[in-house]
Amino acid sequence: MIKKLKDLLSLILDVPIEAIKDDSGPHNIDTWDSFNGLLIASELERVFNVKFTMDEIVSVKTVKDIKEALERYGVKMTEDD
């Protein structure tokens with residue numbers, strides 16, 4: 001699932017997959033603006049079949065936050081997918 005998440009973020013943010021780290025976020029990826037943040041939330045909901053609250057969407061600051069939010073919805077963040 002981590003590969004699927006990184007592929008999605010790489011595509012939306014137009015950055016190499018290697019640039020996607022746990023501490024990646026709007027503070028260190030220039031293309032992670034408010035528009036792309038909403039696009040990320042929308043695509044995560046579609047791809048992982050979850051529904052985030054607005055509080056969850058605005059509280060996400062890093063890839064690690066995304067992983068933790070997905071795990072709260074039962075999505076297992078494993079490397080082997």
Side-chain angles (χ1 to χ4, degrees):
M1 288 297 179
I2 291 175
K3 181 177 180 337
K4 189 183 288 189
L5 173 61
K6 286 183 175 182
D7 285 344
L8 183 143
L9 293 172
S10 174
L11 180 67
I12 292 171
L13 300 172
D14 193 29
V15 295
I17 198 164
E18 299 81 27
I20 308 295
K21 310 285 184 205
D22 275 357
D23 68 342
S24 296
H27 60 282
N28 58 14
I29 295 182
D30 292 338
T31 55
W32 192 327
D33 56 18
S34 57
F35 177 79
N36 279 338
L38 291 174
L39 185 56
I40 289 167
S42 175
E43 285 300 298
L44 289 171
E45 288 179 334
R46 183 185 67 78
V47 169
F48 293 103
N49 196 31
V50 299
K51 183 70 175 150
F52 297 118
T53 66
M54 188 54 70
D55 286 341
E56 288 171 319
I57 292 170
V58 298
S59 69
V60 166
K61 304 292 183 214
T62 64
V63 171
K64 183 178 182 214
D65 294 341
I66 292 172
K67 290 178 183 179
E68 290 171 354
L70 288 170
E71 286 176 343
R72 284 194 296 275
Y73 286 91
V75 179
K76 301 289 186 214
M77 287 286 107
T78 57
E79 291 283 353
D80 57 349
D81 189 67

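Scanning both residues, K51 and E56, for their nearest heavy atoms gives O-OE1, 4.3 Å.
The residues E68 and R72 are annotated as not salt-bridged, no charged nitrogen and carboxylate oxygen being separated by less than 4.0 angstrom.
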Could you go through the side chain to side chain contact (heavy atoms under 4.5 Å, CB included) check for L70 and M1 one step at a time?
CA-CA 10 Å; L70 288 170; M1 288 297 179; over 6 Å; no
Enumerate, atom names and distances included, each donor-acceptor pair closer than 3.5 Å involving a side-chain atom of residues 39-50, sequence neighbours excluded.
residue, atom, partner, partner atom, Å
E43, OE1, R46, NE, 3.1
E43, OE1, R46, NH2, 2.6
E43, OE2, R46, NE, 3.4
E45, OE2, F52, N, 2.7

Identify each donor-acceptor pair in which a side-chain atom of residues 5-17 lies under 3.5 Å from a protein atom, sequence neighbours left out, and give them as a table.
residue, atom, partner, partner atom, Å
D7, OD1, K3, NZ, 3.4
D7, OD2, K3, NZ, 2.9
S10, OG, V15, O, 2.5

Output a table of donor-acceptor pairs, distance under 3.5 Å, between side-chain atoms of residues 18-25 and any protein atom two or more places apart or on a different chain; print 'none' if there are none.
residue, atom, partner, partner atom, Å
K21, NZ, E18, O, 3.0
D22, OD1, K67, NZ, 2.5
S24, OG, A19, O, 3.1
S24, OG, K21, N, 2.8
S24, OG, K21, O, 3.2

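For D65 (side chain) and K61 (main-chain N/O), a donor-acceptor pair under 3.5 Å exists by modelled atom type.
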